[in-house]
Amino acid sequence: MELVPPSPEMEALLSRQEAEYERLVRASSLPLLGMAEPAPHPRLLGEAEVSNGVVESIGLAYGDLMRPSGPLVQVHTARWHESRPSPPDLRSFLENLLDSMDDNGPVDGEPVPAHVVVNGTPRPASLLRTRRRMWAARCWHQDSDVIVVAREWELAATHLVAVPNLETFLRGRREYIRDLRANPPTMPIMERPFDVATAHRSLIDSTLARSLQLEAAARQGRPPRLRANGRKHGELWEAAVRAQMHLADQSRQDANEAVTILVNQLGRLQEKAGWFANRRLRDAAITETLLYWTGMRTELLSRPAQESWRAVWASQRTWAPDPFAHQERTSRDHDAELRRWHAELMTEQDEWLRAWSEWVRQKGY
């Protein structure tokens with residue numbers, strides 16, 4: 001799979017986002033804990049969660065976050081915002097790490113009492129272990145929640161100490177990202193065979209199932225496990241792009257754009273159109289969408305809806321949200337522009353949905 005370098009505009013946006021990210025983390029008053037020596041390498045700032053401009057949690061990582069094996073320890077210090085129904089449980093932390101390893105299996109069992117050493121003193125903690133020599137532990141430090149997530153590293157060898165300065169971890173993060181961009185992980189997908197007749201539909205089935213999984217997780221108040229099987233989904237996407245290149249005689253860039261457009265349209269129909277739950281109508285809509293966007297047939301009953309979606313998609317892409325735009329202009333101007341864009345987009349989306357409703361009426365199923 002080829003990686004397209006970001007445009008100069010995207011580079012500038014990413015730089016501003018990273019600078020703001022570092023500013024927020026530096027301004028945090030969390031009583032950070034990290035690993036005492038010995039500890040795995042490299043050391044870097046991992047995940048930080050921000051809510052309404054306030055840092056809720058900061059994670060320090062010890063070990064290679066991209067490797068699926070080898071010692072890795074992540075230490076999260078958090079003050080969860082009161083708007084949360086409840087803080088994330090240990091199972092969700094372990095699921096997140098398993099997902100990064102393409103392991104979407106369940107995390108069984110319940111936490112048991114344990115101790116975590118903080119500044120030389122054992123603190124009461126809860127501990128949850130799972131397969132692949134992984135565990136997560138939680139304890140309380142000052143006024144903050146502390147969660148340690150580890151792989152191939154023993155709890156007995158885990159001693160936490162105060163971290164007075166984040167600069168080493170910020171520098172480690174910058175160096176890690178720079179090295180990843182210079183030497184991205186290899187993804188030998190292009191050599192895999194693909195079936196022109198089924199590649200698009202396999203991707204669509206996978207994408208729609210992932211969307212349902214996301215909705216179910218939201219109803220349960222749990223984060224979705226969409227990172228699991230990410231490589232498999234990437235292979236399905238690559239196969240669909242190659243099939244699109246073959247069927248529509250398109251360049252890779254144009255084929256990727258077409259696949260993106262058609263997959264997003266069907267995902268939006270699943271989200272917004274009640275009739276899409278009817279299997280006969282859903283299958284017919286998928287078939288006509290594939291025929292239209294591969295160019296195999298364009299004179300279709302759903303052609304007005306397909307063309308309407310093209311307008312919706314174009315409108316979506318006219319807005320490039322910059323979360324730090326308020327630094328360059330007033331937030332009032334920025335918010336007014338966003339409201340205008342959103343109103344126009346909703347109008348076009350309503351027209352698109354009406355076009356599909358007319359298609360359903362004419363189908364007469």
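The shown structure was predicted, so the numbers you read here are calculated from the model rather than taken from an experiment.
Shown here for Trp309 and Asn264, the closest heavy-atom pair between the two residues is CZ2-C, 3.7 Å. For the pair Pro87 and Arg138, the tightest heavy-atom approach, listed with the atom from each and the gap, is CB-NH2, 4.2 Å. Taking every heavy atom of both residues into account, Val25 and Ala48 meet most closely at CG2-CB, 4.1 Å. The two residues Tyr176 and Leu65 have their closest heavy-atom pair at OH-N, 3.3 Å. Pairing each heavy atom of Ala36 with each of Val161, the nearest pair is CB-CG1, 3.8 Å. Of all heavy-atom pairs spanning Arg282 and Ala277, the tightest one is NH1-O, 3.5 Å.
When the shell of 6.0 Å around CD of Glu37 is examined, it contains more than 12 heavy atoms from other residues, nucleotides or ligands. Atom CD of Gln253 has 12 or fewer neighbouring heavy atoms from other residues, nucleotides or ligands inside a 6.0 Å radius. Heavy-atom neighbours of Asp143 CG from other residues, nucleotides or ligands within 6.0 Å: above the threshold of 12.
Residues His200 and Leu247 are in side-chain contact: their nearest non-hydrogen atoms beyond the backbone lie under 4.5 Å apart. Within the 4.5 Å cutoff, no side-chain heavy atoms of Arg129 are placed close to those of Val112. Side-chain contact between Val312 and Leu345 is present, with at least one heavy-atom pair separated by less than 4.5 Å. In this structure the side chain of Trp135 never reaches within 4.5 angstrom of the side chain of Leu90, judged on heavy atoms. Ile58 places none of its side-chain heavy atoms less than 4.5 Å from the side chain of Thr77.
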Could you check Glu22 against Arg26 for salt bridge (Lys or Arg N to Asp or Glu O under 4.0 Å), going step by step and ending with a plain yes or no? CA-CA 6 Å; Glu22 291 192 6; Arg26 285 192 180 100; 3.4 Å; yes
Working note: Arg16 + Glu20, criterion salt bridge (Lys or Arg N to Asp or Glu O under 4.0 Å); need CA distance, chi angles, decisive distance, verdict. CA-CA 6 Å; Arg16 289 202 300 275; Glu20 179 70 1; over 6 Å; no
Evaluate the criterion side-chain contact (heavy atoms from CB on, under 4.5 Å) for residue pair Leu72 and Asp64; output intermediate values, then yes/no. CA-CA 7 Å; Leu72 175 66; Asp64 195 329; over 6 Å; no
Carefully, step by step, assess Gln349 and Lys272 under the rule side-chain contact (heavy atoms from CB on, under 4.5 Å). CA-CA 10 Å; Gln349 180 174 273; Lys272 300 292 185 181; 3.9 Å; yes
Just do the side chain to side chain donor-acceptor pair (under 3.5 Å) check on Gln265 and Trp313 with the steps written out, would you? CA-CA 9 Å; Gln265 176 174 208; Trp313 186 253; over 6 Å; no
Arg201 and Thr287: side-chain contact (heavy atoms from CB on, under 4.5 Å), yes or no, with the steps? CA-CA 9 Å; Arg201 196 168 288 269; Thr287 297; 3.0 Å; yes
In sequence, state the C-alpha distance, the side-chain angles, and the governing distance for Asp89 and Leu128, and then conclude on side-chain contact (heavy atoms from CB on, under 4.5 Å). CA-CA 10 Å; Asp89 58 18; Leu128 181 60; over 6 Å; no
Could you give me the CA-CA distance, side-chain angles and deciding distance for Arg133 and Glu154, then say whether salt bridge (Lys or Arg N to Asp or Glu O under 4.0 Å) is met? CA-CA 8 Å; Arg133 294 180 59 196; Glu154 295 300 324; 3.6 Å; yes
I would like to know whether Glu152 and Arg67 meet salt bridge (Lys or Arg N to Asp or Glu O under 4.0 Å); could you show each step before the answer? CA-CA 12 Å; Glu152 298 181 33; Arg67 292 185 59 189; over 6 Å; no
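In terms of hydrophobic clustering, with Ile, Leu, Val, Met, Phe, Trp and Tyr side chains grouped at heavy-atom distances under 4.5 Å, Trp140 and Leu127 are assigned to different clusters. A continuous path of ILVMFWY side-chain contacts below 4.5 Å connects Leu180 to Met101, so both sit in one hydrophobic cluster. In the hydrophobic clustering of this structure, Trp237 groups with Ile261; members are Ile, Leu, Val, Met, Phe, Trp, Tyr whose side-chain heavy atoms approach within less than 4.5 Å, directly or through other members. When the side chains of ILVMFWY residues are joined at heavy-atom separations under 4.5 Å, either directly or via intervening members, Leu166 and Tyr21 end up in a single hydrophobic cluster. Ile177 and Leu24 sit in two unconnected hydrophobic clusters of ILVMFWY residues. Membership requires side-chain heavy atoms under 4.5 Å apart, directly or through other members.
Between the Asn256 side chain and the Val241 main chain, no donor and acceptor come within less than 3.5 Å of each other. Side-chain atoms of Arg242 do not come within 3.5 Å of backbone N or O of Ala199 as any donor-acceptor pair. With Arg297 contributing its side chain and Leu291 its backbone, the two residues share no donor-acceptor pair below 3.5 Å. Between the side chain of Arg132 and the main chain of Asp103, no donor-acceptor pair closer than 3.5 Å is present. Without hydrogens or angle criteria, Gln244 side chain to Val259 main chain gives no donor-acceptor distance under 3.5 Å. For Arg79 (side chain) and Ser144 (main-chain N/O), no donor-acceptor pair under 3.5 Å exists by modelled atom type. Checked by atom type and distance alone, the side chain of Thr347 pairs as donor or acceptor with a backbone atom of Ala343 at under 3.5 Å. Without hydrogens or angle criteria, Tyr292 side chain to Leu262 main chain gives no donor-acceptor distance under 3.5 Å. Distance alone, capped at 3.5 Å, places no donor-acceptor pair between the Ser206 side chain and the Ser202 backbone. Side chain of Thr298 to main chain of Gly295: no donor-acceptor pair is present (N/O by atom type, distance under 3.5 Å, no hydrogens or angles).
Aromatic ring pairs are classed by plane angle as parallel below 30°, tilted from 30° to 60° and perpendicular above 60°; the pair Trp356 and Trp359 is perpendicular. Relative orientation of the Phe93 and His76 rings is tilted, given thresholds of 30° and 60° on the angle between their planes.
Judged by distance alone, the side chains of His41 and Arg43 do bring a donor and an acceptor atom under 3.5 Å apart. Defined by atom type and a distance below 3.5 Å, a donor-acceptor pair is present between the side-chain atoms of Glu358 and Gln362. Gln74 and Glu47 form no side-chain donor-acceptor contact under 3.5 Å, judged by distance and modelled atom types alone. In this model, a donor atom of one side chain and an acceptor atom of the other lie less than 3.5 Å apart for Gln306 and Thr289. Side-chain contact, Trp80 with Asp145: a donor N or O sits under 3.5 Å from an acceptor N or O.
With respect to Arg174 and Glu18, no salt bridge is recorded, no charged nitrogen being found less than 4.0 Å from a carboxylate O. Salt bridge Arg340/Glu344: absent, no basic N to carboxylate O contact under 4.0 Å.
Trp153 meets the ring pair (Phe, Tyr, Trp, His ring centres under 6.0 Å) test with no other residue; sequence neighbours excluded.
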